[in-house]
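Note that ligands are numbered from 1 as they come in the structure, with each ligand's atoms numbered from 1 the same way. These figures come from a predicted structure and were not determined experimentally. Residues take their numbers from the sequence shown, with the count starting at 1.
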Amino acid sequence: MIQIKANQFPEGFLWGSASAAYQVEGGYLDDGKGLTNWDTFVRIPGKTFKATTGDVAVDHYHRYREDIALMAEMGLKTYRFSVAWARIYPSGSGEVNEKGLAFYESLIDECLKHHIEPMVTIYHWDLPQALVDSYGGWESPRIIDDYVAYAQTLFSRFGNKVKYWITLNEQNIFTSLGWLTAQHPPGHFDDRKMFYQVNHHAFMAHAKAVLKYREMGGKGHIGASFAYTPSYALDCRPENAMAKCNYDDLKNYWWMDVYAYGRYPKAAMAYLKEQGIAPRMQPGDESVLRRAAAEITFMGVNYYQSCVCEYNPPDGVTPYGTMNTTGVKGSAQEVGIPGIYKNPANPYLMTTDWDWSIDPVGLQFCCREITSRYGLPIVISENGLGAFDKKEEDGCIHDAYRIEYLKEHLKALARAIQEGCEVLAYCTWSFTDLLSWLNGYQKRYGFIYVDREEEEGAPMTRYKKDSYAWYKEVIGSNGRSLLEG
Ligand code: BG6
């Protein structure tokens, strides 16, 4: 491929930043909100770093005006946030909580007042606990109708103000961590059959919500956000090339093909059938998936890292190696599926303190792959660097490493755009510092430092990091500042 020098982001490009309700809001019992799976899970000893919770988080529920004013001053074009289902339906279904709707209405209005496009994630992992108690949450097909009813409430209340909808955040991650590695609720270990069944319910919920949106006359953008970890074969040994092929079918296309084509990849399905763990589908499901696939307008991509694929012998590593949740570099273990693939470290890439590889080219690779495989526009719904940040005595936070990370990823994105990928938006993770689900508050991602650590009771004052001014300049020049430098 010829090397094209990237020089421009499209006019109207949505420079953004993202958050999720549980990780920023706090106010976990305020104004009639119901309890969620996460409110329950974080109280199980040993589940989160230093037993951190999102009870208070960074108090966005009470300080959203201050946070949005900081976004406006920066010139942010879009703010991606999620709605907490349990604020709208405290019991998951049934009676609507008007105060919950009112909160999101004023958050949306505040964005619009500052010319910030609200991008709404309908589900970012916090499920009303009542639905778990009543029928096992995502384990039951009953969740499909409840999710659609909840989405419908949001569409009808906010449909005239919100033009970008994300149905599900990282279905691949919340199901893997929930049913395979037991690190997220409901904390099941190695429940592979249920894992695929839960995913089928989630696909159906996504698809029916997309169709409902169109049925209601919704003309905006709608799609799901996928945690895309693109893969490179370790080398040209055919068994490693096949390991990559199998990895892609099982770990990437299993989700993206359903969103974009409405069908499961054949080889992966054959493998699941042979293993006796393929999902049960109802008559008519395939048609719903296909019709919804024709209605999505973008592929949402949360990109953090790439991986390497190598053949894994039958007695090789399992998917259950230790994950680094402490920031002690080198503590993550290699994972894979015995007999199929494993993911060794990439010797050509640096890693973060949490052992995530740093690979800007991987972002370009994702965009190219989506463009040629699906021909869909792309929303980069998350990308960012989790790091230990230090507030100096004068209140400054010098996060040059974050600037470097974002700059290189944006340059890679610009190359993808030059090569023909249609990219609508780029959201950094995150705007303010926030709770990292399993890693407490010490793994920071924001442009805004929030003065809190793991213990509750801190003032939570907001401070601008160096990256704040840097991103402001990038946005102000529509990306030219980083491409000229
Ligand atoms: C994505 C999630 O997986 O990555 C976010 O959508 C999450 O909610 C982000 O916080 C970063 O992950 P972590 O584990 O570093 O917080």
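- Taking the six-membered ring for Trp, Y22 and W125 have ring centres at least 6.0 Å apart.
- The six-membered or imidazole ring of Y228 lies away from that of W255, with a centre-to-centre distance of 6.0 Å or more.
- A donor-acceptor contact under 3.5 angstrom links the side chains of E369 and Y253, judged on distance only.
- The ring of F103 has its center closer than 6.0 angstrom to the ring center of Y61.
- A donor atom on one side chain and an acceptor atom on the other are not found under 3.5 Å apart for R373 and N252.
- For ligand 1, the protein residues within 4.0 angstrom (heavy atoms only) are Q23, H124, W125, N169, E170, N302, Y304, W356, E382, W429, S436, W437, N439, K443, Y445.
- Under the 6.0 Å cut-off for aromatic ring centres, Y123 and F174 qualify, their centroids lying closer than that.
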